[in-house]
**Q** 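Okay, here's the structure, questions in a sec.
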Amino acid sequence: MATLTNAKRIVVKIGSALLVDTATGALKFDWLASLAKDVATLKARGADVVLVSSGSIALGRGVLGLPVSTLSLEQSQAAAAVGQIRLARAYEEALAPLGATTAQVLVTLEDSADRRRYLNTRATLETLLSLGVVPIVNENDTVATDEIRFGDNDRLAAQVAVTVGADHLVLLSDVDGFYSGNPKDDPSATRYDVIDAITPEIEAMAGDAGTGLSKGGMKTKVMAAKTATGAGCDMTITLGSRMNPLTALAEGAASTLFTARTDPKAARKHWIASMKPRGAVVVDQGAERALRSGKSLLPAGVAAVRGDFQRGDPIEIHGPDGTHLGAGLSRYTAEEARAIKGCRSDQIEPILGYPGRAALIHRDDMAL
């Protein structure tokens, strides 16, 4: 179980109501500064941190003088365009003095539904985290339509947690956990400290209460928990409005922990192994030894390419004697793979005309 004190990769979801004053549209910078200190503390002990943050529309509508009532799609997109730059600057100003570099990553539902775009997003986030950056992820409300929206940042945060292989997801909420009923309406409602299985009874308890600028309710949080825990990521719901909410959580503040059913790497490898292959590669003996020792598959170790697959498609990996070694997600098309098989990394660009990636199948995208 990955608690906040021992998790190695943490995704934190921050709602609009925590960041933006609903009455004035102004940023709550004091609260953001306290969150930034929490993030710096987590990073100081070696954890990777990704923030999934709402707030661009709320900030933008305040600048543009738009009403707090429901906006049209065009108004929401205009508000997001104005607010995104302010939101990114606010995080930069809060984290930079603490030695943390930030990056803005805007995504839509299509980025996780399409395997190639999913791999691009994953590779970008992995590179940012390897460089010590704190990615600030938000739905790209400027271009997203109803058909390609996540619809709520609870679901987006869970998908980001799956994408980066996080072991803990924290939803900073307007309540301090999951209750048997709505505690605002039902004084007898009790909070669960730990939920090991999301049963139909638990799902039935989830309400749809959502207030102000926050679209989420407990139902979306349970949906997020199903996604996260199924991919090996523990998830916690805790009160976000207090100062230093992550430090408070680490020190025992009230919360509900949804425990993962497996670990992130095992869940991802099971998912890859269960996919229908679109092609195959045959590797030489040196590559087979490297794969069995946990290395990525480089083009230099590929002896043959079979089938017609696209970037992001699952393909089988065969040894030189035809033995089935496993499967993985290809970072190249079949045509590209044939062109660079047996080649060193420094030969890829002259052959393809662009740098490409060092690995044909990265070890994180492989199940042996």
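The shown structure was predicted, so the numbers you read here are calculated from the model rather than taken from an experiment. What you see below is based on every heavy atom in this structure, not just the backbone, and it leaves out hydrogens, waters and symmetry mates.
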**Q** Atom CG of Leu35 and atom OH of Tyr91: how far apart are they, to the nearest 0.5 Å?
**A** 6.5 Å
**Q** Counting distance only, does the side-chain N/O of Arg61 pair as donor-acceptor with the main-chain N or O of Pro67 below 3.5 Å?
**A** yes
**Q** Using a cut-off of 6.0 Å, state whether more than 12 heavy atoms not belonging to Lys295 lie near its atom NZ.
**A** no
**Q** So does Gly177 get a backbone contact from the side chain of Lys221, meaning a donor-acceptor N/O pair under 3.5 Å?
**A** no
**Q** State, to 0.1 Å, how close Pro299 and Ile340 come at their nearest heavy-atom pair, and which atoms those are.
**A** CB-O, 3.4 Å
**Q** OG/Ser180 to CD1/Ile202 distance, rounded to the nearest 0.5 angstrom?
**A** 9.0 Å
**Q** Run the numbers on Met223 and Asp154 for side chain to side chain contact (heavy atoms under 4.5 Å, CB included), then give the verdict.
**A** CA-CA 8 Å; Met223 291 172 62; Asp154 294 328; over 6 Å; no
**Q** A side-chain contact here means heavy atoms from C-beta on lying under 4.5 Å apart; do Thr236 and Leu4 qualify?
**A** no
**Q** Mark yes when over 12 heavy atoms from residues, nucleotides or ligands other than Ile351 sit less than 6.0 Å from its CD1; otherwise mark no.
**A** yes
**Q** Ignoring hydrogens, what is the shortest heavy-atom contact between Val305 and Ala334? Give both atom names and the distance.
**A** CG1-O, 4.0 Å
**Q** For the residue pair Ala94 and Leu32, what are the closest heavy atoms and their distance?
**A** CB-CG, 3.9 Å
**Q** Side chain of Arg278, backbone of Asp308: donor and acceptor closer than 3.5 Å?
**A** no
**Q** Would you check, one step at a time, whether the test side chain to side chain contact (heavy atoms under 4.5 Å, CB included) holds for His318 with Arg306?
**A** CA-CA 11 Å; His318 296 160; Arg306 299 169 182 165; 3.5 Å; yes
**Q** Hydrophobic clustering (ILVMFWY, side-chain heavy atoms < 4.5 Å, transitive) - are Val164 and Val162 grouped together?
**A** no
**Q** Rounded to the nearest 0.5 Å, what's the gap from CD1 on Ile136 to CD on Gln104? Could you check?
**A** 9.0 Å
**Q** For Trp31 and Arg242, work out which heavy atoms get closest and say how close.
**A** NE1-O, 3.2 Å
**Q** Are the side chain of Lys341 and the backbone of Val282 linked by a donor-acceptor contact shorter than 3.5 Å?
**A** no
**Q** Do Val281 and Leu325 sit in one hydrophobic cluster, given that two such residues count as connected whenever their side-chain heavy atoms are within less than 4.5 Å of each other, even indirectly?
**A** yes
**Q** For residues Ala161 and Leu169, report the shortest heavy-atom separation together with the two atoms involved.
**A** CB-CB, 4.4 Å
**Q** For a quick test of reading the model, state the closest non-hydrogen atom pair linking Ser56 to Leu87 and the distance between them.
**A** N-CD2, 3.9 Å
**Q** Test your reading of the model: is there a side-chain donor-acceptor pair from Tyr332 to the backbone of Arg357, 3.5 Å cut-off?
**A** yes
**Q** Can you tell me how far apart CZ (Arg344) and CG (Leu298) are? Round to the nearest 0.5 Å.
**A** 12.5 Å
**Q** Side chain of Asp167, backbone of Arg9: donor and acceptor closer than 3.5 Å?
**A** yes
**Q** Apply side chain to side chain contact (heavy atoms under 4.5 Å, CB included) to the pair Thr101 and Leu128, showing each step before the final yes or no.
**A** CA-CA 10 Å; Thr101 301; Leu128 289 170; over 6 Å; no
**Q** Go through Lys43 and Val134 one step at a time and tell me if the side chain to side chain contact (heavy atoms under 4.5 Å, CB included) criterion holds.
**A** CA-CA 9 Å; Lys43 286 185 62 59; Val134 178; 3.4 Å; yes
**Q** Below 4.5 Å, heavy atoms only, C-beta onward: do Thr333 and Gln310 meet side chain to side chain?
**A** yes
**Q** Indicate whether the side chain of Ser330 and that of Asp313 have a donor and an acceptor atom separated by less than 3.5 Å.
**A** no
**Q** For residues Ile272 and Tyr118: do they belong to one hydrophobic cluster (side chain heavy atoms under 4.5 Å, members Ile, Leu, Val, Met, Phe, Trp, Tyr)?
**A** yes
**Q** Does any part of the side chain of Lys37, heavy atoms only, come nearer than 4.5 Å to the side chain of Leu98, both counted from C-beta?
**A** yes
**Q** For atom CD of Gln285, decide whether the heavy atoms of other residues, nucleotides or ligands shown that lie under 6.0 angstrom number more than 12.
**A** no
**Q** With sequence neighbours excluded, what pairs up with Thr247 under the side chain to side chain contact (heavy atoms under 4.5 Å, CB included) test?
**A** Asp38, Asn244, Glu251
**Q** I'd like to know if the side chain of Asp365 reaches the main chain of Gly328, judged simply by a donor and an acceptor atom lying under 3.5 Å from each other, with no hydrogens or angles considered.
**A** no
**Q** Around atom CZ of Arg191, are there more than 12 heavy atoms from other residues, nucleotides or ligands closer than 6.0 Å?
**A** yes
**Q** Side chains of Arg292 and Arg289, heavy atoms from C-beta outward: is any pair under 4.5 Å?
**A** no
**Q** Do Leu297 and Met366 touch side chain to side chain, with heavy atoms closer than 4.5 Å?
**A** yes
**Q** Side chains of Leu27 and Leu19: does their closest heavy-atom pair fall under 4.5 Å?
**A** yes
**Q** Decide if atom NZ of Lys226 counts as having more than 12 heavy atoms of other residues, nucleotides or ligands within a radius under 6.0 Å.
**A** no
**Q** Main chain of Arg363, side chain of Ser296: is a donor-acceptor contact present, judged purely on distance under 3.5 Å?
**A** yes
**Q** Give the cluster check for Leu368 versus Leu360: same hydrophobic cluster or not, with ILVMFWY residues linked at side-chain heavy-atom distances below 4.5 Å.
**A** yes
**Q** Without swapping roles, check the side chain of Arg311 against the backbone of Arg331 for a donor-acceptor pair under 3.5 Å.
**A** yes
**Q** Find the distance between CD1 (Ile237) and NZ (Lys13) and round it off to the nearest 0.5 Å.
**A** 9.5 Å
**Q** Answer yes or no: is there a side-chain heavy-atom contact under 4.5 Å between Gln159 and Val107?
**A** no
**Q** With rounding to the nearest 0.5 Å, note down the distance linking CD1 in Ile317 to CD1 in Ile361.
**A** 4.0 Å
**Q** With sequence neighbours excluded, what pairs up with Pro350 under the side chain to side chain contact (heavy atoms under 4.5 Å, CB included) test?
**A** none
**Q** Is there a continuous path of hydrophobic side-chain contacts, each under 4.5 Å between heavy atoms, that joins Leu64 to Leu71?
**A** yes
**Q** Check whether Asp284 reaches the backbone of Ala287 with its side chain - one donor and one acceptor, N or O, closer than 3.5 Å.
**A** yes
**Q** When you compare the side chain of Thr220 with that of Asn153, does any pair of heavy atoms fall below 4.5 Å?
**A** no
**Q** Only one of Val137, Val12, Ile10 forms a side-chain contact (heavy atoms from CB on, under 4.5 Å) with Leu51, so which one is it?
**A** Val12
